[in-house]
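Below: the structure, in structure tokens.
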Number of protein chains: 2
Amino acid sequence: MTDTSTLTRNQRLVLDALEGAEGPLGAYRILEELRPNGLRAPLQVYRALDRLVELGLVHRIECLNAFVACSAGHDHGGETIAFAICEECGRVTEFVDPEFEHRLGAWCSRHAFRRGKTTLEIRGLCESCAA
Amino acid sequence: MTDTSTLTRNQRLVLDALEGAEGPLGAYRILEELRPNGLRAPLQVYRALDRLVELGLVHRIECLNAFVACSAGHDHGGETIAFAICEECGRVTEFVDPEFEHRLGAWCSRHAFRRGKTTLEIRGLCESCAA
DNA sequence: GCCACCACGTTATATGATTACATACACCAA
DNA sequence: TTGGTGTATGTAATCATATAACGTGGTGGC
Ligand SMILES: [Zn+2]
Ligand SMILES: [Zn+2]
Ligand SMILES: [Zn+2]
Ligand SMILES: [Zn+2]
């Protein structure tokens, strides 16, 4: 897990908000939660989020335009993280699969595509909600 | 390839705009392009896009909040489409990988996750741009 | 002290998406 | 023919997401 002791006040607040949430939160939603703590403008939230994402403590969920605290603590060494997102309860499960990595790598080298950040998001229903 | 002869005027215009573009376009960008053709409001574009996506003629790129014309013509029978997106020139390449599909299915059934739409987007540099 | 650096704060604005409501036309049944 | 249903359309207003531009304030090196 990444070091967490050097976070600034705003970063700490945003991270706490995300860790306390059931699922992903949008930036403006976070802002509402943190108004009582003195945050007033979107940029304060976005700046904190940028840093937290950079540190790997928070992930951006593209298909929701929202953010979620990293729940894994696994060391995200550049490998692609898959997110299974329950559309009912909102919970997000992270996992990695070396075989994914391998297949993606194979396609990319076959096509001389220099790979950057990869997004893999699965929407659906989690076990509890599918019942 | 899906039937294209039944499109309405607005749908036709939006599809043509996307097919004429180098890469993905945002909805407001499309609107600008089509103002000369009489489109005036975002909703006109969004409605056309909804339908085109439904028909499989257009894909939404989540990480860009933008849309791209289907370049493959392959029959997208519910399988996950991977998009390789060049961050330099904007070009998007689609592909599918049955083995990938298989691994996804495996994880989902192991975790009793009922799978819905899956997003797989690879950002990076295409062969021409990586040079 | 002075400067560079970084976090922070504030306002305004750009971009993306939807809600609500009214209009127009094709098609079919009574 | 008339009325009703369904679908596409047009327009305005509004919500949601994200960034630009500018200024402030502390901290550490020199
Ligand atoms: Zn994580
Ligand atoms: Zn659930
Ligand atoms: Zn396609
Ligand atoms: Zn390129």
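Chain A is the first sequence line, chain B the second, and so forth, proteins listed ahead of strands; every chain is numbered from 1.
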The contact string for nucleotides 11-17 of chain D, one letter per nucleotide 5' to 3', using protein heavy atoms under 4.0 Å with B, S and - for base, sugar-phosphate only and none, comes out as B-----B
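Donor-acceptor pairing under 3.5 Å is lacking for the side chains of A/Arg47 and A/Thr8.
Formation of a donor-acceptor pair under 3.5 Å by the A/Gln44 side chain with backbone atoms of A/Leu39 is not found in this model. The backbone N or O of B/Cys129 lies less than 3.5 Å from no partner atom in the side chain of B/Glu88, so there is not a single donor-acceptor pair.
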Any N/O pairs under 3.5 Å between the protein and nucleotides 24-29 of chain D? List them or say none.
none

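To the nearest angstrom, C1' of D/dT9 lies 14 Å from CG of B/Asp50. Atom-to-atom, CG of B/Leu13 to P of D/dA8 comes out at 16 Å; the value is rounded to the nearest Å.
The span of DNA chain C lying next to chain B, judged by atoms under 4.0 Å from heavy atoms, is bounded 5' to 3' by C/dG16 to C/dA20.
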Dump the intermediate steps for salt bridge (Lys or Arg N to Asp or Glu O under 4.0 Å) on B/Arg115 and B/Glu101, then the final yes or no.
-> CA-CA 11 Å; B/Arg115 181 144 73 102; B/Glu101 207 65 25; 3.2 Å; yes
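Heavy atoms of other residues, nucleotides or ligands lying less than 6.0 angstrom from NE2 of B/His111 number more than 12.
Checked against salt bridge (charged side-chain N to carboxylate O under 4.0 Å, His left out), B/Arg40 has no partners two or more places apart in sequence or in another chain. The salt bridge (charged side-chain N to carboxylate O under 4.0 Å, His left out) check on A/Arg9 picks up nothing, with sequence neighbours excluded.
Using cut-offs of 30° and 60° on the angle between ring planes, the pair A/Phe100 and A/Phe95 is tilted.
The stretch residues 54-64 of chain A participates, sequence neighbours left out, in these salt bridge (charged side-chain N to carboxylate O under 4.0 Å, His left out) pairs: A/Arg51-A/Glu54, A/Arg60-A/Glu62, A/Glu62-A/Lys117, A/Glu62-B/Arg123.
Ion pairing between B/Arg103 and B/Glu99 fails under the 4.0 Å rule for side-chain N and carboxylate O.
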